[in-house]
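Here the structure comes first, spelled out in structure tokens, and everything after it is commentary.
In this text the structure is predicted, and so the values were computed from the model without any measurement.
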Amino acid sequence: MSNSHHDLKSHSRSILSTLRWVCITLVCMWIALCTSVGPIYRANASIASYSWTNALIFITAFGVTLGIIIVAVHWTRACQGDANRSSVAAEGHSSFRSTPISRLRALLLRHLLRHRSIRIMLHAISRGWSRLAPWIMRLTSSRRRLFLVFAIGWLWAYVTLLAAYGADIHSQINEFNLWWANLRGMKLPYLDGFTQMDIYPTAHYLWPKNPTYLTDQHNYLLTLFYGAVVAAFRKLSGSDDAGIVALAGLQMLFAAFCCSSTANRFFNYGVRQASTQTQAQAQPHKGMKDTFAYGSSRLYASAGPRLAIIALFLLTPISVFSTISITKSPAFAYSFVWWIGILYTLYRRNPLRHTLHGKDFNTTVSHSDDSSSPTVRIPRSLKIELAASSLLMLGTVKYGVYIIVVQLILSLLSDRRHWRSYVLCMLIPVIAFEGLLMSLIAAGAVIQGDPIEAKGIQLQQIARVAERDPANIPAQARRQLEPILDLDTMALRYNPNDADPVKSSGGEDKLTVYKWRTVTAADMTQFNSAWLSIGLKNPVLYIDAFMAECYGYFDVTDVPYVSMNYYVNNGYVQDSSTWIKNWLHVWRDKVAGFAFAWGRTPVLGWLTNGNFWLVLSLLLICIEFALKRFRALSYHTTLLVLMGVMVFAPANNYDRHILPLVFVFGFLALAFVKDTQELAT
């Protein structure tokens, strides 16, 4: 009976392992597909022209990505296996066995040291590093020091560039100005004239009868904050520029705070716990609860990873420009960095995080009456930080609610003992934020977002058919779409990389595709059925439209459709501003030009492009999935949600949408190495 039960468990494990690798293979195939179709869509062609050249690119990309995962998984298991064997050997007073990585290092060194010039160079590097490493450790040993490193490291960009922005901040400022003027009783155009709400058009059937000029297009709380700051500085200086520069400075300080907080958690976790344990042992106190702190040198990062992560933040244009870019995406990205650091701390404090591997390390445990059920008390300060970062994410981007809800579910599944804390710090902020928004919309104080914003892929698919095969649009679908879209203008405005033109985004002189002035809620109910009927007759064009708008996020060879350096020297900054355009105008062009050239340098340019870090993040998640590190995945899976948001975003390979993954990848890779070292101890 026991043998049959054992066989059944082995069979179940085999099936689950197969399913895991099937999922991993599908992910690699998706990356390979996006990479292989890149040349097709950059040439504005169709997937119908897929050739043997594209197939070769697919095979190469698939082999590289799957190979990276397999090598990483086998290396990790080998490290753990060799460490376990070394531990057993040490207990039996046998000789120490090195890990595969140490054996490879020794082999390379033996080969290199045969050459005198290489020996001299390596000796010089070793001496230099031995002097530099202690300084790196000292400069990154606390949150305060890390804050200074980030703030001082980014200061040159703020002083010389002042701010970086595009059309969004002007729209939010104008929206606030109209809203504020309306509150003060001024008579303004509403349904009878072109207004700010028509720039990113919101259908008029969604507007309340009583005039209001505040919308949820860019998240109304962020609009109120930006608008209020700029209005205050306008009163003092007479222009918007001073307010924009002030916002850039505030964002740079906020970025330094978020990055230093999270870096400190990933770099230095365990140091304080170890010192606390030493003090408790030296000065025992009566009535003190039994606490255990597993301090280890493996719990904090060495100088090399610290330097690499700091360099990513201080040297790559995508990171530097984001600190002073006044759009919603960087503000959300830095809030997300802070949030991930808090979730990592909660993960480290979970005594069950390695139960699948039979390990438990580095956590302060207060035993309850049942010694087999350790509990860890979450500090109040950590709860406050989790709630605050959640609220900031909700207040910066609308899709923040999906990320927090998914994380809430995963946290409840992986750490049920602290369900009250997760409900208090994540669910309550979501309910409060969404409840307030719905109340304001119901009261007519805020114009809700237009549902057309969520139909970017569908609009692109219809537009591609209208441009390339209009005769193949069914007559009934034309009739259903007639009150919603102008299909002829849609064909003229179609851009494979960007859905904004077919949503009628733009100024007063734009061509109207989406008939937001006259469309009704009843008209919109016919949209999905019309879209489906067109797709059934044009499946290849629908596939083309979908792939053309998202492939770049997963193709590391594709350059950004819009990179962060766009916000440094576009027309809004260099031509339309009041006095910012006169501040180091030529220098600004040179900095943006350098970033542009670096981003288009083969291979080396990948470091400055967001999609490179996105693909690495996806591969890291696959590696953890293969290794069954499900509790670590419980706070990494939100990255998949972010990738889903990018797929359905209105533009292809838009760098600012990828910022959260760019900023957190180094930390998550470091956490992966820490877990591997722990499990190998």
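Taking the ring-ring contact (aromatic ring centres under 6.0 Å, His included) definition, one finds that His636 meets it with nothing, sequence neighbours left out. For the salt bridge (charged side-chain N to carboxylate O under 4.0 Å, His left out) test, residues two or more places apart in sequence or in another chain that qualify with Arg656 are Asp168. In this view, Asn569 and Asp589 satisfy the side chain to side chain donor-acceptor pair (under 3.5 Å) rule, not counting sequence neighbours. Residues passing the side chain to side chain contact (heavy atoms under 4.5 Å, CB included) test with Met646 are Tyr553, Leu614, Leu642, His657, Ile658, Leu661, sequence neighbours excluded. Residues meeting the ring-ring contact (aromatic ring centres under 6.0 Å, His included) test with Phe257, sequence neighbours left out: Trp338. Applying the side chain to side chain donor-acceptor pair (under 3.5 Å) criterion to Thr60, with sequence neighbours excluded, gives no partner residue. Looking at residues two or more places apart in sequence or on another chain, you find no ring-ring contact (aromatic ring centres under 6.0 Å, His included) involving Phe62. Phe665 is linked by a ring-ring contact (aromatic ring centres under 6.0 Å, His included) to Trp613, counting only residues two or more places apart in sequence or in another chain. Residues satisfying the side chain to side chain donor-acceptor pair (under 3.5 Å) test with Ser142, not counting sequence neighbours, are none. In this structure, Thr637 has no side chain to side chain donor-acceptor pair (under 3.5 Å) partners at least two apart in sequence or on a different chain.
Residue pairs meeting the ring-ring contact (aromatic ring centres under 6.0 Å, His included) criterion with at least one member in residues 140-159, sequence neighbours excluded, are Phe150-Trp154, Phe150-Phe313. Residue pairs that meet the salt bridge (charged side-chain N to carboxylate O under 4.0 Å, His left out) test with at least one member in residues 554-566, sequence neighbours left out, are Arg42-Asp555, Arg42-Asp558.
The backbone N or O of Ile378 lies less than 3.5 Å from no partner atom in the side chain of Arg349, so there is not a single donor-acceptor pair. Distance alone, capped at 3.5 Å, is enough to place a donor-acceptor pair between the Asn570 side chain and the Tyr566 backbone. Checking side-chain atoms of Ser319 against main-chain N and O of Leu315 turns up no donor-acceptor pair under 3.5 Å. At distances below 3.5 Å, at least one donor-acceptor pair connects side-chain atoms of Gln251 with backbone N or O atoms of Ser322. In this structure a side-chain-to-backbone donor-acceptor pair under 3.5 Å is missing from Asn565 to Pro317. Looking only at distances, no side-chain donor or acceptor of Trp587 sits under 3.5 Å from a matching main-chain atom of Leu161. At least one donor-acceptor pair closer than 3.5 Å links the side chain of Arg306 to the backbone N or O of Ala301. Side-chain N or O atoms of Asp655 include one that pairs as donor or acceptor with a backbone N or O of Gly610 at under 3.5 Å.
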Please test Phe663 against Phe336 for ring-ring contact (aromatic ring centres under 6.0 Å, His included), starting from the C-alpha separation and ending with a verdict.
CA-CA 9 Å; Phe663 297 159; Phe336 184 81; 9.8 Å; no

Applying ring-ring contact (aromatic ring centres under 6.0 Å, His included), run through Phe667 and Phe266 and close with a yes or a no.
CA-CA 6 Å; Phe667 296 127; Phe266 280 87; 5.2 Å; yes

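Side-chain contact between Trp606 and Thr557: present, with at least one pair of heavy atoms (C-beta onward) separated by less than 4.5 Å. Contact annotation: the side chain of Ile69 approaches that of Val73 to within less than 4.5 Å [non-hydrogen atoms, C-beta and beyond].
Between Tyr635 and Tyr347, the angle of the ring planes lies from 30° to 60°, which puts this pair in the tilted group.
For the atom pair CG (Leu618) and CG (Leu640), the distance works out to 6.5 Å, reported to the nearest 0.5 Å. Cys622 contributes atom SG, which lies 11.0 Å from atom CD1 of Ile68 (distance to the nearest 0.5 angstrom).
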